[in-house]
S.K.: 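For reference, the structure I am asking about is given below.
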Amino acid sequence: MKGIMTALITPFNEDGTLNEKGLREVVRQNIDVMKVDGLYIGGSTGESFLMDETMRKELLKIVKDEAGDAVTLIGQIGSLNIEEAIRLGNEAKELGYDALSAITPYYYKFSFEEIKSYYQRITEETNHPMIVYSIPVLTGTQMTIDDYGELLAIPNVIGVKYSDTNLSRLTKLKELYPDKVFFGGADDMLLQFIISGADGAIGSTYSLLGKQAKALFDAIQNSDLKKAQSLQLEMNQVIAKMENIGVYQTLKHVLKEQGVDAGFMKFPFKELTDDEKRQATEIVDILASG
Ligand code: NAY
C-alpha cells in the first residue's frame, strides 16, 4: 500500500453506458505503459457519483477481471445511501479488491459523529481494509487531527486518501499514526505530499504522467531533491493545461489521441469544444517530445 496509484477515469459510450472495451484499454495503459503501483476505481475521476449501483458493480468487476493481481486495487464504494455503500463494499471484497475506500458523506452538513458512524457501519458490515477518502474541496468536509485520529482508530481503517492541501496536518498525522497509510491527492504537489509524510499518491493525471510520477517518487526515496523538483515542474506544465480546460475531459481526449479508447464523459459533464481539443492536443505534443 504505497507508491503511485492512478485514480482511473471511466470510459462511457455516447449514450452514457459503460464502454467495456475502452475501460480495459485504460487499465492496460496504466499497468503496462505507466507501470503504476495501483489503481483507484470509482473515485471522483471515475465519475462514479453519476453512476447507478449496477454500473458501479460492473465497473469494479471489469477492472478486476482485466487487472488481475498485477497491481494494488482500491475500490471507492462510498455512497450517501449506506446500504448501497455496504453492498458495493461487499462486492469489491468478493471480487478480490485489496482495499475499499469511501468518500466522506457529502451534500448534507453531517456532524463528525455522523461521519464516524458511517465508517463504523461500512467497516463492520464489510470487514475489509478501508481508506477514508477526504476531499474537502469537493465535499466541504474539513476534519481536525483529532477527527482523523478517531476514524483511524476504527477497526479496518488502514489510512486516508488525503486530498487536502494542509500539509502540516499531514506531517503531524503521519507522526502520530506511522503505521497507517496516507495518500496525497493533488498531483501538482506530489513532491510536497511525499516530503510531508505521504506513503504515496492517488491522482487522475497519472494515466498520462505515471512514469514521471514514479520517477519523482523514487527520486525522493533516493534523496535526490533536485531531480524531484525538476520532474514536478515538468509534470506541472501539463497539469496546469489540463486544469485550464477540464482535467477529466482532457485526460480522455489525450488518451484517445494516443490510441487508448477513453470514451466519453457521463452527463451532465460536457465534452471539450473544438478549441479546447486544440489546446488539449498541445499536451499530446508535450508528452511525445518528453
Ligand atoms: C479521485 O478520487 O479521482 C481522486 O484521486 C482525486 C484526485 C484528483 N482530484 C480531483 C478533484 O479530481 O488527481 C487529482 C486532480 O485531478 C489533479 O491534482 C489535477 O488537478
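This structure is a prediction, so every number in the text was calculated from the model and none was measured. Remember, it's 1-based here, ligands and their atoms both numbered in the order they're listed.
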S.K.: Ala7 heavy atoms, cut-off 4.0 Å: which ligand 1 atoms fall inside?
M.R.: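 Atoms satisfying the 4.0 Å criterion: 1 (C), 3 (O), 4 (C), 5 (O).
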S.K.: Got a sec: does the NZ of Lys174 have more than 12 other heavy atoms crowding it under 6.0 Å?
M.R.: yes
S.K.: Tell me: protein heavy atom nearest atom 8 (C) of ligand 1, and distance?
M.R.: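 Scanning the protein heavy atoms, the shortest distance from atom 8 (C) of ligand 1 goes to Ser204 OG, 3.5 Å.
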S.K.: Charged N to carboxylate O under 4.0 angstrom, Arg56 versus Glu84?
M.R.: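 Looking at Glu84 together with Arg56, the answer is yes, because their closest N to O distance falls below 4.0 Å.
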S.K.: Can you name the atoms of ligand 1, numbered from 1 with element, that are less than 4.0 Å from a heavy atom of Ala186?
M.R.: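 Within the 4.0 Å cut-off of Ala186, ligand 1 contributes 18 (O).
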S.K.: Tell me: protein heavy atom nearest atom 18 (O) of ligand 1, and distance?
M.R.: Asp187 N, 2.8 Å
S.K.: Would you mind listing which atoms of ligand 1 come within a distance below 4.0 Å of any non-hydrogen atom of Gly43?
M.R.: 2 (O), 3 (O)
S.K.: Heavy-atom count check: over 12 atoms from other residues, nucleotides or ligands less than 6.0 Å from Asp32 CG?
M.R.: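 Atom CG in Asp32 is crowded, with more than 12 foreign heavy atoms closer than 6.0 Å.
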S.K.: Which residue owns the protein heavy atom closest to atom 12 (O) of ligand 1, what's the atom, and how far is it?
M.R.: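 Nearest protein contact, heavy atoms only, for atom 12 (O) of ligand 1 is Tyr248 OH, 2.5 Å.
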S.K.: At the 4.0 Å heavy-atom cut-off, does Lys161 count as touching ligand 1?
M.R.: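 Lys161 counts as a contact of ligand 1 under the 4.0 Å cut-off.
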S.K.: Flag the pair Lys214 and Asp37 as a salt bridge only when some basic side-chain nitrogen lies within less than 4.0 angstrom of an acidic carboxylate oxygen.
M.R.: yes
S.K.: Return each pair, listed once, that meets salt bridge (charged side-chain N to carboxylate O under 4.0 Å, His left out) where at least one residue sits in residues 258-272; pairs must be two or more places apart or across chains.
M.R.: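 Every salt bridge (charged side-chain N to carboxylate O under 4.0 Å, His left out) pair that includes a residue of residues 258-272, provided the two are not neighbours, is Lys21-Asp261.
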S.K.: For ligand 1, indicate whether the residue Glu243 contacts it via side chain, backbone, both or neither (heavy-atom separation under 4.0 Å).
M.R.: side chain
S.K.: Measuring from non-hydrogen atoms of Ile103 to any atom of ligand 1, is the shortest distance under 4.0 Å?
M.R.: no
S.K.: Where the closest heavy atom to atom 6 (C) of ligand 1 is concerned, which of Tyr133, Phe183, Tyr40, Tyr206 has it?
M.R.: Tyr133
S.K.: Who's the nearest protein heavy-atom neighbour of atom 9 (N) of ligand 1, and how far?
M.R.: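 Ranking protein heavy atoms by distance from atom 9 (N) of ligand 1, first comes Gly185 O, 4.1 Å.
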S.K.: Check ligand 1 against Ile135 and write out every atom of the ligand that is under 4.0 Å from a heavy-atom position of the residue.
M.R.: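 That gives atoms 11 (C) of ligand 1.
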S.K.: Tell me which protein heavy atom sits closest to atom 3 (O) of ligand 1, plus the residue, atom name and distance to 0.1 Å.
M.R.: Thr45 OG1, 2.4 Å
S.K.: Taking ILVMFWY side chains as joined if any heavy atoms are under 4.5 angstrom apart, and letting links pass through other members, which residues group with Leu272?
M.R.: Ile245
S.K.: Would you call Glu47 and Lys252 a salt bridge, using N to O less than 4.0 angstrom?
M.R.: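 The answer is yes: the pair qualifies as a salt bridge.
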S.K.: Can you sort out which atoms of ligand 1 are near Gly203, meaning under 4.0 Å from one of its heavy atoms?
M.R.: 13 (O)
S.K.: So does Lys57 pair up with Glu53, basic N to acidic O under 4.0 Å?
M.R.: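 Yes, this pair counts.
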